[in-house]
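First the structure, in the form of structure tokens, and then the observations on it.
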2 protein chains.
Amino acid sequence: MTEVEQADRFARAREAQSVALIEDYVEMIGDLIAELGEARVADIAERMGVAQPTATKAIARLKRDGFATSRPYRGVFLTEEGAELAERVRARHRTVVALLVAVGVPEEIAELDAEGIEHHVSEQSLKAFEDFLQGK
Amino acid sequence: MTEVEQADRFARAREAQSVALIEDYVEMIGDLIAELGEARVADIAERMGVAQPTATKAIARLKRDGFATSRPYRGVFLTEEGAELAERVRARHRTVVALLVAVGVPEEIAELDAEGIEHHVSEQSLKAFEDFLQGK
DNA sequence: GATGATCTATAGCCTATGCTATATTTAAAT
DNA sequence: ATTTAAATATAGCATAGGCTATAGATCATC
């Protein structure tokens with residue numbers, strides 16, 4: 001492996017990381033809307049395990065990036081793009097957990113680890129996971 | 001899953017992330033020392049794909065955290081703790097790549113994805129991976 | 001409808017991680 | 001030995017993502 005290839009690999013991992021939090025927030029907001037009809041900042045903050053202003057700031061980034069919308073002092077909603085991302089993330093999470101369990105990781109551990117792992121699973125790996133799970 | 005459990009899960013993923021870069025640098029420095037006898041800042045920066053001052057700053061954090069040592073304008077070396085971490089990271093990386101390949105991920109993709117995934121694989125999952133790879 | 005509780009926004013702070021530009025030191029070459 | 005090239009450090013800046021404290025808006029209740 002050349003230095004450049006190695007560098008690209010790390011650049012890729014850094015990029016994935018910068019997307020990870022966005023994905024988590026979007027999925028969480030989708031969950032809350034499904035459960036409660038809307039996603040309030042306080043609920044988002046509580047579930048993400050961060051202080052309320054931290055959630056507010058993250059939501060501002062989601063809005064800036066076109067994944068969410070909201071009016072002051074009101075609930076947060078997903079744009080079409082946000083809703084699609086949430087669904088992809090949810091599906092990927094399920095697949096990663098299932099894969100981990102399939103290779104012998106205890107269910108609880110699988111759920112914990114998947115939260116971090118899922119953001120680094122490429123389309124190709126996801127496809128491989130799905131095929132493996134179907135016994136192909 | 002309760003809100004608190006969910007929050008803890010995210011907190012865990014955030015913690016793993018903060019350790020990830022440290023692990024990458026330590027492993028990289030170990031590689032360079034093995035190959036070249038010492039790890040120069042310029043080489044570290046090039047392989048990590050970052051500007052030289054970014055590497056310098058990261059190395060300062062490694063030193064602060066007890067993983068590396070260096071004198072101004074000289075090479076960077078690992079402490080005992082750093083060397084142990086490097087070896088653990090290297091072994092984990094190999095296992096993760098092997099697991100991915102074992103479930104059908106193409107070698108190249110496995111290498112790419114492993115770079116991000118490995119930092120979120122717990123001891124328990126790693127053990128499960130090893131057992132799975134040994135056909136248990 | 002005033003009032004108190006709750007929720008949200010804002011201000012201001014911190015660290016980590018990136019960058020460019022530039023000063024300084026070391027190493028190499030004449 | 002001086003000069004130049006290369007490597008490293010430092011200064012200064014930006015964004016992301018945390019935090020606390022506090023101001024402001026909304027909601028519920030009397």
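In what follows, chains carry the letters A, B, and so on, assigned in the order in which the sequence lines appear, proteins first and then strands, with residues in each chain numbered from 1. Bear in mind that the values here come from a model prediction, so they are computed numbers and not experimental data.
- A sub-4.0 Å separation between OP1 or OP2 of dA9(C) and a side-chain N or O of Arg71(A) is absent.
- Within the 4.0 Å cut-off from OP1 or OP2 of dA9(C), at least one side-chain nitrogen or oxygen of Thr56(A) is found.
- Position along DNA chain C of the nearest nucleotide to Arg64(B) versus Ala55(B) favours Arg64(B) as the more 5'-ward residue.
- The phosphate of dA27(C) has OP1 or OP2 within less than 4.0 Å of a side-chain N or O from Arg74(B).
- For Pro53(B), counting side-chain heavy atoms from C-beta on, the closest listed nucleotide (dT10(D), dA25(D), dG12(D)) is dT10(D).
- Look at Arg14(A) and you won't find any side-chain N or O under 4.0 angstrom from OP1 or OP2 of dT17(C).
- Taking the side chain of Val50(B) as heavy atoms from C-beta on, and the options dG18(C), dA11(D), dA11(C), the nearest nucleotide is dG18(C).
- Asp8(B) and Arg12(B) are not joined by a salt bridge, as no carboxylate oxygen comes within less than 4.0 angstrom of a charged side-chain nitrogen.
- Residue Arg61(B) places its side chain closer to dT17(C) than to any other of dA16(D), dT17(C), dA7(D).
- Nearest nucleotide to the side chain of Tyr73(A), out of dT26(D), dA9(D), dC13(D): dT26(D).
- Side-chain N/O atoms of Thr54(A) include one lying less than 4.0 angstrom from OP1 or OP2 on dC19(D).
- Contacts of Pro72(B) with the nucleic acid, taken as non-hydrogen atoms under 4.0 Å apart, involve only primed sugar atoms and P, OP1 or OP2.
- For dC7(C), neither phosphate oxygen OP1 nor OP2 lies less than 4.0 angstrom from any side-chain nitrogen or oxygen of Arg40(A).
- If you check every strand for non-hydrogen atoms under 4.0 Å, Ala51(B) touches a base.
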